[in-house]
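Here's the structure we're looking at; comments come further down.
For this chain, numbers begin at 1 and follow the sequence in order. Any value given below was found using the heavy atoms of this structure, including those in side chains, with hydrogens, waters and symmetry copies removed.
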Amino acid sequence: MNSIMNSVNDFISSKSTKEYAKKELNAILWVALITITVFLLEKVSKLFRLWSKASKIPGPACNSFFGHGNLGSRENFIDLLSESHDKYGSVFKLWLGPTQLLVSIKDPTLIKEMLLKAEDKLPFTGRAFRLAFGRSSLFFCPYDQAQNRRESLALELNGKMLGRANVIPKNVVDCIMERVDAIMSEGSVDCKSVSQRMAFTILGTTLFGDTFLAWSKATFYEELLMMIAKDASFWASYRVTPFWKRGFWRYQSLCTKMKWLTLDIAQQCGKNYGLFCHMDQNSHIGIAKVGIKAASVAPPNGVEMQDKFFSPELDGHINEREEPCENIMGMMFHGCIATTSLISSVLERLVADVDIQDKIYSEIIKVKQGSVKEENVEKMLLLLATIYESARLLPAGPLLQRCSLKDDLILKSGVVIPAGAVLVVPAQLLQMDDSSWGSDASKFNPYRFLSKAGKDSDLVLDTSFTEEAVDPSRCSFILNDPNDNAAFLPFGSGMRACVGQKFAIHGVATLFASLLQRYEVRLHPQLANDPKSTTGPQIVFVRRNS
């Protein structure tokens with residue numbers, strides 16, 4: 001035994017063994033060096049390709065190595081885009097840094113093509129969403145993973161719900177009207193807050209049914225959702241998740257509370273109504289998708305909500321059981337933001353144009369008198385046109401942003417946009433562009449979405465909307481589809497377009513059909529001349545006598 005140990009020691013201490021160990025270490029270091037070098041060369045090669053391809057796109061010269069980093073406020077940035085498009089054409093580039101290329105596109109035809117080809121969301125936006133709500137199979141994932149679930153959700157929202165007499169059930173509208181009465185008993189209200197409350201009620205009852213109306217934590221859930229969404233971009237701006245900051249952990253605590261509240265209302269809803277989650281049998285990755293049934297309809301046989309998807313026994317990891325919860329939070333956030341903006345925009349236009357409001361009221365009364373259905377918004381042409389026009393003039397969301405992370409985009413015009421470039425569409429400029437909307441593009445004119453029957457292209461720009469046009473029984477006008485105009489982008493377009501566009505339009509129309517029948521919407525008399533605040537104008541709802 002001793003002889004064996006001595007032999008081993010002699011081998012270890014021998015010169016040849018030390019040389020072998022040294023060579024092995026050198027080999028490992030060389031492999032590591034070569035790997036790092038290849039990685040860096042690939043990065044440098046991609047950077048040179050980006051610079052080379054971007055050089056063929058017109059744009060302002062960049063005097064700083066760090067790019068046009070100081071772009072000022074949002075208003076200044078929009079002005080910069082407008083001036084640059086006037087100077088360089090419908091497509092131009094702007095360097096934000098040596099590796100950050102922004103390409104702005106204003107031509108409606110090229111925009112439509114780009115939105116069909118660029119399927120990716122910006123990585124930063126996806127990081128902010130995941131930080132707030134977690135991973136989702138509906139938002140900010142590769143489009144091929146989200147496609148089936150988005151199509152299923154669109155079918156549910158735009159098919160089954162639009163087939164009902166009322167997109168929003170009557171009891172939900174009545175609840176909103178009762179809350180309007182309660183609000184007005186306290187005086188005026190700012191436009192944004194009342195719009196958010198209405199939108200949140202509509203989205204909550206759409207997802208959770210009547211259970212949501214009686215949920216005692218609904219107000220806290222609304223405040224929590226908006227608070228988390230507001231701070232998501234700040235915490236996502238860190239390149240490395242700031243685990244060392246106490247504020248970050250407070251933020252994560254709020255996100256956890258929101259998830260528990262979502263589970264709470266989902267479990268309550270599952271005992272009574274038809275919100276259900278089931279596995280997509282056609283999905284190779286087995287991700288759950290969310291389906292929605294009307295709150296007033298009992299779930300059909302075999303479509304019971306599976307409680308295991310909302311089990312509170314979470315292990316802290318992202319898994320298939322948690323994903324439906326994250327999809328719900330995502331739908332609540334996106335739906336509430338979009339619907340709030342639309343309702344607020346309509347309210348602002350109505351208080352600014354009392355004449356239009358009075359004509360819509362007359363239209364609502366005439367339609368209801370001639371219809372067996374309680375609400376028939378399809379015949380309320382001026383109301384729908386007003387919603388379209390309000391959506392066109394939405395002040396929120398001045399830019400549509402996309403990115404093609406892997407492949408270059410080659411547009412029909414011959415322009416090649418390098419992979420990884422940030423693609424922006426200045427929607428705010430496009431939706432008020434004279435070449436797409438006429439000389440009054442910056443003005444509120446809902447009649448631009450109406451045309452004479454048989455002459456779809458002849459837009460009605462005369463603001464004297466006659467009683468004949470208001471009366472559906474004698475109406476010789478038709479409502480134009482706003483999506484026929486490629487410059488209409490309040491709901492996006494292409495692969496990532498909002499799946500709930502039709503539902504939102506008709507849902508808001510149903511809401512205003514009841515709201516304007518019961519109330520006149522007016523600016524607060526003492527605050528009418530005050531400058532508009534960040535929360536919108538102060539408005540009052542005046543009860544109608546009839």
Side-chain angles (χ1 to χ4, degrees), residues 150 153-169 172-173 176 195-196 198-203 205-207 292 294 331-332 334-350 356-357 360 363-364 367 373-397 400 427 431 437 444-451 456 459 472 477-494 496-517 521:
R150 287 172 60 86
L153 181 60
L155 177 64
E156 203 69 46
L157 289 174
N158 300 331
K160 297 180 180 179
M161 286 194 169
L162 288 178
R164 302 204 312 248
N166 298 327
V167 176
I168 305 175
V172 177
V173 175
I176 294 175
S195 300
Q196 181 176 300
M198 291 177 177
F200 189 74
T201 302
I202 292 172
L203 265 294
T205 51
T206 298
L207 290 173
I292 300 149
M331 284 190 288
M332 284 294 294
H334 285 287
C336 192
I337 292 296
T339 309
T340 295
S341 297
L342 183 55
I343 294 174
S344 179
S345 181
V346 175
L347 286 173
E348 289 187 32
R349 307 301 168 186
L350 291 179
I356 288 289
Q357 184 179 162
I360 292 175
E363 179 184 60
I364 293 169
V367 170
K373 296 181 179 179
E374 187 173 350
E375 307 286 357
N376 194 349
V377 295
E378 292 287 350
K379 293 185 178 181
M380 299 178 186
L381 305 185
L382 183 57
L383 173 60
L384 290 171
T386 298
I387 294 173
Y388 291 157
E389 180 71 347
S390 300
R392 183 183 73 87
L393 296 174
L394 273 176
L400 276 179
Q431 293 184 168
W437 301 102
F444 174 70
N445 178 17
Y447 304 100
R448 73 178 77 250
F449 289 101
L450 297 171
S451 63
D456 295 355
L459 298 183
F477 293 85
I478 61 174
L479 185 71
N480 297 322
D481 184 351
N483 293 307
D484 289 342
N485 190 329
F488 185 80
L489 295 170
F491 297 92
S493 184
R496 296 280 186 172
C498 176
V499 296
Q501 174 182 348
K502 291 182 180 179
F503 174 78
I505 291 289
H506 285 75
V508 170
T510 302
L511 173 65
F512 275 93
S514 293
L515 182 69
L516 294 180
Q517 186 182 8
V521 188

Taking atom [atom1] of [X] and atom [atom2] of [Y], what is their separation to the nearest 0.5 Å?
X: F449; Y: D484; atom1: CZ; atom2: CG; value: 10.5 Å
X: Q196; Y: T339; atom1: CD; atom2: OG1; value: 11.5 Å
X: L394; Y: F491; atom1: CG; atom2: CZ; value: 7.5 Å

Measure across [X] and [Y] and return the closest heavy-atom pair with its distance rounded to 0.1 Å.
X: S345; Y: S390; answer: OG-O, 2.8 Å
X: L207; Y: M332; answer: CD1-SD, 3.4 Å
X: F488; Y: Q431; answer: C-OE1, 3.8 Å
X: L342; Y: I387; answer: CD1-O, 3.9 Å
X: C336; Y: A199; answer: O-CB, 4.0 Å
X: P446; Y: A385; answer: O-CB, 3.3 Å

For L384, all residues meeting side chain to side chain contact (heavy atoms under 4.5 Å, CB included), sequence neighbours excluded: L479, I505, A509

Taking the side chain from [X] and the backbone from [Y], do they hold a donor-acceptor pair closer than 3.5 Å?
X: R349; Y: S344; value: no
X: N480; Y: P482; value: no
X: T510; Y: H506; value: yes
X: T205; Y: I202; value: yes

Check: [Y] and [X] side chains under 4.5 Å, non-hydrogen atoms:
X: Q357; Y: T386; answer: no
X: I176; Y: L511; answer: yes
X: V521; Y: F512; answer: no
X: W437; Y: N485; answer: yes
X: L350; Y: I360; answer: yes

Would you please name every residue forming a side chain to side chain donor-acceptor pair (under 3.5 Å) with E389, sequence neighbours left out? R392, R448

